Amino acid sequence: MTDPVPSRAEIVVDLAAIRHNVRILKDLVTVDAPVQLMVVVKADGYGHGMVEAAEAARDAGADWLGVATIDEALALRAAGDRGPLLSWLSAPGDDFAAAVAAGVEVTAYSVDELQAIGAVGPARVQIKVDTGLSRGGAARADWHDLFATASDLERAGRITVTGIWSHFACSDQPAHPANDQQEAAFREALALAASAGLDPDVTHLANSAATILRPSSHFDLVRCGIAVYGLDPAPGVTPRLGLRPAMTVRARLVLSKPLAAGDGVSYGHTWVADHDTSVGVVPAGYGEGILRTAGNTASVWVEDSLRPIRGRMCMDQFVIDLHGELPPAGTEVVLFGPGDRGEPTAQDWAEAAGTINYEVVTRIGGRLSRRHVDSENGDNEERTR
Ligand SMILES: *Cc1c(COP(=O)(O)O)cnc(C)c1O
């Protein structure tokens, strides 16, 4: 499974970290009640590899998997996953029949979608209500008609409504008044659904931040994405849970060379050395999904110290300050990782680049190779080298 030959630039994902995080989250939500855990593996598992992340999550006790698109769900089925699986972002022309045939539960936002799904049924359907995110889901004014249609289709044997759910706008800000409002609106939607005769197996509202910060929002099931990958859904707010970042991005230095005071670095010379130093070239750039806004702001880890990026991020490469040292070509450069050795984390890159950790890991890819290791089973990159 592992490749002992270090690549020029690669993503290394530790599946043991994913399992560890799943177990922590599962323990957290089952302390007081038998809440189920859905692990969200959309967008290629937030850049970690959808199929591998899904397998690790199931191994560690994930009850459900969640994805955005039907195509993602079908890819999981093609890879052999057979467990409870929900998709939630359909677009006109999507193949509901294929989803239903594969045992995927699909989400309906509207009467039209319910009818399209019912036409290829009998289908297991979840209904999404908009409680205040103002994104997907049925607007409050449409709840009554939607539930009535669902109930009719259920009686006709075309669908079974297995879930009713919604999604938070501000769960990373626990004191934001929208959280209470959304939870209250969700309870109203559930009451209305019950009065229409619906009796779903699961109701759910919480993402990672709400899972950790708002137990009242757990209902029957929580949907965790970012926390499963070991990143903090609400930096500065989340208590320490011992989550472990699963992704490391590393490269091999292409060259190092001296730089004289007054020399400008990279396109536009946005950084000019004010003293003699040395620089190194790292062979990865925005073509690999490394954020261009990390130019002049983020740092990497070389030979046990932080080395700042100098100048603009390029498509294929960037330049780092080596502070006068000249490590040989081939020296390991860690862009980010779990932080154990002092290397930057995805969160550090997010702060440097003006974004969130979600974007840092999800965008990474391009020409980077990706390798899965399992540090719990002796399949540790340090040992295989
Ligand atoms: C992406 C997503 C999640 C997971 O959110 P995290 O903040 O990563 O835990 C949960 N529910 C829905 C509907 C999503 O789109």
Side-chain angles (χ1 to χ4, degrees), residues 18 21-22 24-26 28-29 35-48 50 53-54 57 62-73 76 84-91 104-109 113 125-138 163-174 176 178-179 182-183 186 189 202-215 217-238 241 243 245-247 346-347 350 355-363:
I18 293 178
N21 299 331
V22 167
I24 286 181
L25 293 164
K26 179 96 183 165
L28 182 74
V29 296
V35 174
Q36 297 180 59
L37 174 64
M38 176 186 290
V39 168
V40 179
V41 294
K42 64 189 179 188
D44 203 14
Y46 292 42
H48 294 70
M50 179 174 71
D63 303 288
W64 286 77
L65 297 177
V67 291
T69 69
I70 288 175
D71 284 349
E72 290 174 318
L76 285 170
L85 171 57
L86 178 68
S87 73
W88 54 68
L89 187 58
S90 300
V104 175
E105 300 199 11
V106 292
T107 299
Y109 299 174
E113 274 183 334
V125 184
Q126 301 207 12
I127 293 176
K128 183 176 186 189
V129 289
D130 181 5
T131 54
L133 178 61
S134 305
R135 200 178 69 181
I164 297 178
W165 64 277
S166 190
H167 193 45
F168 277 120
C170 306
S171 55
D172 57 338
Q173 300 164 254
H176 197 293
N179 295 313
Q182 284 199 260
E183 198 176 303
F186 187 57
V202 288
T203 58
H204 46 109
L205 178 58
N207 56 3
S208 292
T211 297
I212 297 167
L213 298 168
R214 196 176 172 89
S217 69
H218 287 179
F219 294 90
D220 301 313
L221 179 156
V222 296
R223 304 184 307 268
C224 291
I226 199 74
V228 166
Y229 305 102
L231 300 177
D232 190 339
V237 181
T238 315
L241 294 175
L243 298 174
M247 182 187 288
Q347 179 60 29
T355 183
I356 54 175
N357 53 30
Y358 294 71
E359 189 182 9
V360 172
V361 290
T362 305
R363 282 213 185 209

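Ligands are counted one by one from 1 in listed order, and the atoms in each one are counted from 1 as well. Predicted model, so just to flag it, every value in this text is computed and none were measured.
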S.K.: Would you please name every residue forming a side-chain contact (heavy atoms from CB on, under 4.5 Å) with P233, sequence neighbours left out?
M.R.: S208, A209, I212, I226, T238, Y358
S.K.: Side chain to side chain contact (heavy atoms under 4.5 Å, CB included) between R223 and W88: does it pass, once the steps are laid out?
M.R.: CA-CA 12 Å; R223 304 184 307 268; W88 54 68; 4.3 Å; yes
S.K.: What residues form a side-chain contact (heavy atoms from CB on, under 4.5 Å) with P215, not counting sequence neighbours?
M.R.: H218
S.K.: Backbone N or O of A234 within a donor-acceptor pair of the D172 side chain at under 3.5 Å?
M.R.: no
S.K.: Taking non-hydrogen atoms within less than 4.0 Å of ligand 1, which protein residues qualify?
M.R.: V40, K42, Y46, W88, R135, W165, H167, N207, S208, R223, C224, G225, I226, Y358
S.K.: Are any side-chain N or O atoms of N207 and backbone N or O atoms of H167, one a donor and one an acceptor, separated by less than 3.5 Å?
M.R.: no
S.K.: Mind checking what makes side-chain hydrogen bond (donor to acceptor under 3.5 Å, both in side chains) contact with D130, not counting sequence neighbours?
M.R.: none
